[in-house]
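This report refers to the structure that appears directly beneath it.
Since this is a predicted model, take the numbers as computed values, not measurements.
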Amino acid sequence: QVQLVESGGGLVQPGGSLRLSCAASGSMLSSYSMGWYRQVPGKLRELVAQITGTTSTNYADSVKGRFTVSRDGAKNAVYLQMGSLKPEDTAVYYCNAYIYRFGLRQEYWGQGTQVTVSS
């Protein structure tokens with residue numbers, strides 16, 4: 001079992017920055033790929049950024065160059081540094097962890113944190 005707890009959401013003006021944190025607990029966390037998804041009402045949850053190991057990253061085209069995902073193995077934490085924020089970045093952001101076992105994907109989600117970009 002893996003438990004994920006996000007923090008750091010809030011209200012920020014367009015062009016501003018925000019850092020989300022995800023504290024993870026559980027066993028074999030270093031074996032999990034971790035990342036961030038976001039969701040707005042009426043739309044599917046979408047991948048924002050993902051990190052495998054400590055250096056292999058993947059980003060949605062809409063956030064490339066503006067967001068950076070990182071992880072701290074010693075703290076069992078994953079971060080999402082968001083910059084040059086736009087109103088369309090407004091969403092609930094969810095921390096995600098997954099691993100494949102015997103060909104099946106096991107994944108876990110945090111409760112989500114609201115990010116609102118507005119003047």
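G9 approaches V115 most closely through the heavy-atom pair CA-CG2, 4.2 Å. In terms of heavy atoms, M34 sits closest to C95 at CE-SG, 4.3 Å. Looking at every heavy atom in both residues, S33 comes nearest to T52 through OG-OG1, 2.9 Å. Scanning all heavy atoms of the two residues, the minimum distance from G83 to S17 falls at CA-OG, 3.8 Å. Between S84 and R66, the closest heavy-atom pair is O-NH1, 2.9 Å. I51 and S70 get closest at one heavy-atom pair: CD1-CA, 4.0 Å.
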Under the side chain to side chain contact (heavy atoms under 4.5 Å, CB included) criterion, do F67 and L85 qualify, and how do the steps go? CA-CA 9 Å; F67 291 11; L85 282 162; 3.7 Å; yes
Can V48 and M82 be said to form a side chain to side chain contact (heavy atoms under 4.5 Å, CB included), step by step? CA-CA 11 Å; V48 176; M82 304 184 293; over 6 Å; no
Could you walk me through whether S118 and L11 pass side chain to side chain contact (heavy atoms under 4.5 Å, CB included), step by step? CA-CA 7 Å; S118 174; L11 174 65; 4.2 Å; yes
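One distance of note links CH2 of W36 with CG of L80; it measures 6.5 Å at 0.5 Å rounding. In this structure, OG in S7 is found 9.5 Å from CZ in R19, a value given to the nearest 0.5 Å. Atom CD in E46 sits 12.5 Å away from atom OH in Y94 (nearest 0.5 Å).
The residue from Q39, Q114, R38 that alone fulfils the side chain to side chain donor-acceptor pair (under 3.5 Å) condition with Y93 is R38.
Between K64 and D61, at least one side-chain nitrogen of the basic residue sits less than 4.0 Å from a carboxylate oxygen of the acidic one, meeting the salt-bridge criterion.
Side-chain atoms of T90 come within 3.5 Å of backbone atoms of V117 as a donor-acceptor pair (strictly under, hydrogens ignored). Without hydrogens or angle criteria, Q3 side chain to G26 main chain gives no donor-acceptor distance under 3.5 Å. Between the side chain of Y32 and the backbone N or O of N96, no donor-acceptor pair lies under 3.5 Å. Remark: the backbone N or O of G112 is paired with a side-chain donor or acceptor of E6 at under 3.5 angstrom.
Hydrophobic clustering (ILVMFWY, side-chain heavy atoms < 4.5 Å, transitive): L29 and L20 are in one cluster. There is no path of hydrophobic side-chain contacts, each under 4.5 Å, that joins L47 to V69. One hydrophobic cluster holds both V78 and I99 under the rule that ILVMFWY side chains link at heavy-atom gaps under 4.5 Å.
Remark: S21 engages no residue in a side-chain hydrogen bond (donor to acceptor under 3.5 Å, both in side chains) (not counting sequence neighbours).
With a 6.0 Å radius and a threshold of 12 heavy atoms from other residues, nucleotides or ligands, E88 has its CD atom above the threshold.
By the 30° and 60° cut-offs, the orientation of the rings of Y37 relative to W109 is perpendicular.
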